[in-house]
Asks: 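The structure that follows is given in the form of structure tokens.
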Amino acid sequence: MNRSTAAVANAFFLFVGVAGLIIQIASGVPGFPDIPPGPFILGITGILVLTLAARFRWILFLGIAAPVFILVGALLEGSFWGRLADVGDFGPFVGTALLIGGVIAAAACGVVAVSQAYHRAAVR
């Protein structure tokens, strides 16, 4: 079985989220721990989806769980709204926009990828 386009898109948007987090960290957004877990969670999930989703369909569920986990964390923490509202502070704004857009798109593509993978299995 080949990787679906939705699975590749899911991994791509997970990596977009990683880029957003790295930009935020590099631009000095306060509140990140010394070793932030977000880039590892999203990055490793993206790698797993790209490399193993064709053999193990259940990996695709990680492509939904990881971005939803990061999005819920961002919503609970809440400071990203201020960074999105302050366009003049370019680094934090771009990083936050990439992160939030990436995880929302990754979750949506993950749902499509799971739907396609399990629909194909049910049709057989």
Side-chain angles (χ1 to χ4, degrees):
M1 179 172 20
N2 293 331
R3 287 187 299 245
S4 70
T5 304
V8 173
N10 176 253
F12 171 78
F13 286 117
L14 288 168
F15 295 137
V16 168
V18 171
L21 281 168
I22 290 171
I23 290 171
Q24 287 185 56
I25 293 165
S27 62
V29 172
F32 281 99
D34 291 337
I35 302 174
F40 295 105
I41 292 169
L42 294 177
I44 290 170
T45 302
I47 291 168
L48 290 174
V49 167
L50 277 179
T51 58
L52 297 177
R55 293 184 63 202
F56 306 105
R57 290 178 298 171
W58 63 268
I59 294 288
L60 294 171
F61 286 105
L62 295 177
I64 300 170
V68 168
F69 177 76
I70 298 296
L71 183 61
V72 167
L75 288 170
L76 290 175
E77 194 268 335
S79 68
F80 78 93
W81 294 110
R83 290 191 296 275
L84 285 176
D86 188 8
V87 181
D89 198 5
F90 189 71
F93 170 76
V94 169
T96 304
L98 284 174
L99 171 64
I100 299 300
V103 295
I104 289 171
C109 291
V111 168
V112 172
V114 166
S115 174
Q116 288 176 348
Y118 282 89
H119 176 71
R120 282 192 211 122
V123 172
R124 290 183 190 171

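This structure is a prediction, so every number in the text was calculated from the model and none was measured. Heavy atoms only: backbone and side chains are in, while hydrogens, waters and symmetry mates are out.
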Asks: With rounding to the nearest 0.5 angstrom, report the OG to CD1 distance, S27 to I22.
Replies: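 So the gap between those two atoms works out to 11.5 Å.
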Asks: Between F15 and L98, is there a shared hydrophobic cluster once you connect ILVMFWY residues whose side-chain heavy atoms come closer than 4.5 Å?
Replies: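 No: no chain of side-chain contacts under 4.5 Å links F15 to L98.
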Asks: Of all the heavy-atom pairs spanning L84 and V87, show the shortest one and how long it is.
Replies: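 Shortest heavy-atom contact: O-CG2, 4.3 Å.
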Asks: Taking all heavy atoms of G17 and all of L99, pick out the closest pair and write down the distance.
Replies: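 For G17 and L99, the tightest heavy-atom pair comes out as O-CD1, 3.7 Å.
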Asks: Taking it one step at a time, do I44 and L62 satisfy side chain to side chain contact (heavy atoms under 4.5 Å, CB included)?
Replies: CA-CA 10 Å; I44 290 170; L62 295 177; over 6 Å; no
Asks: Is F40 reachable from V29 through a run of hydrophobic residues whose side-chain heavy atoms are each under 4.5 Å from the next?
Replies: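 No, V29 and F40 fall in different hydrophobic clusters.
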Asks: Indicate if V112 and V68 have the same hydrophobic cluster label, given that clusters are the connected sets of ILVMFWY residues with side-chain heavy-atom separations under 4.5 angstrom.
Replies: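 No, no single cluster joins them.
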Asks: Do the non-hydrogen side-chain atoms of F56 and L48 ever get within less than 4.5 Å of each other?
Replies: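 Not touching, per the 4.5 Å side-chain cut-off.
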Asks: Are any side-chain N or O atoms of T45 and backbone N or O atoms of I41, one a donor and one an acceptor, separated by less than 3.5 Å?
Replies: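 Judged by distance alone, yes, a pair lies under 3.5 Å.
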Asks: Where is the tightest heavy-atom contact between F13 and A106, given as atom of each residue plus distance?
Replies: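 Answer, listing the atom of F13 first, then A106: CB-N, 3.6 Å.
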Asks: Quick one: do F93 and I23 satisfy side chain to side chain contact (heavy atoms under 4.5 Å, CB included)? Show the steps, please.
Replies: CA-CA 9 Å; F93 170 76; I23 290 171; over 6 Å; no
Asks: Using the side chain to side chain donor-acceptor pair (under 3.5 Å) criterion, which residues pair with S79? Sequence neighbours excluded.
Replies: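 Here the qualifying residues are E77, R83.
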Asks: Please indicate whether F90 has more than 12 foreign heavy atoms, meaning atoms of other residues, nucleotides or ligands, lying under 6.0 Å from its CZ.
Replies: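 No, because the 6.0 Å sphere around CZ of F90 holds 12 heavy atoms or fewer from other groups.
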Asks: Give the cluster check for W58 versus L60: same hydrophobic cluster or not, with ILVMFWY residues linked at side-chain heavy-atom distances below 4.5 Å.
Replies: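 Yes, it is one cluster - the side chains of W58 and L60 are joined through contacts under 4.5 Å.
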Asks: Closest heavy-atom contact between Q24 and P92?
Replies: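 Result for this residue pair: CG-O, 4.4 Å.
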Asks: Do F61 and L42 belong to the same hydrophobic cluster, where Ile, Leu, Val, Met, Phe, Trp and Tyr are linked whenever their side-chain heavy atoms lie under 4.5 Å apart, directly or via other members?
Replies: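 Result: no, two separate clusters.
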Asks: Assess the residue pair L75 and F80 against the criterion (side chain to side chain contact (heavy atoms under 4.5 Å, CB included)); give the C-alpha distance rounded to whole Å, side-chain angles, the decisive distance to 0.1 Å, and a yes or no.
Replies: CA-CA 8 Å; L75 288 170; F80 78 93; 3.6 Å; yes
Asks: List the atom of V49, the atom of A11, and the distance in Å for their closest heavy-atom pair.
Replies: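 For V49 versus A11, the nearest heavy atoms are CG1-CB, 4.3 Å.
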Asks: Other residues, nucleotides and ligands only: do more than 12 of their heavy atoms fall within 6.0 Å of CG on L76?
Replies: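 Enclosed.
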Asks: Locate the shortest heavy-atom distance separating S4 from A113; write the atom from each residue and the value.
Replies: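 Smallest interatomic distance, heavy atoms only, reads OG-CB, 4.3 Å.
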Asks: Could you check V8, N10, L14, V16 and say which one makes a side chain to side chain contact (heavy atoms under 4.5 Å, CB included) with F12?
Replies: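 So, applying the side chain to side chain contact (heavy atoms under 4.5 Å, CB included) to F12 and each of V8, N10, L14, V16, only V16 qualifies.
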Asks: When you compare the side chain of P36 with that of I25, does any pair of heavy atoms fall below 4.5 Å?
Replies: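 In contact.
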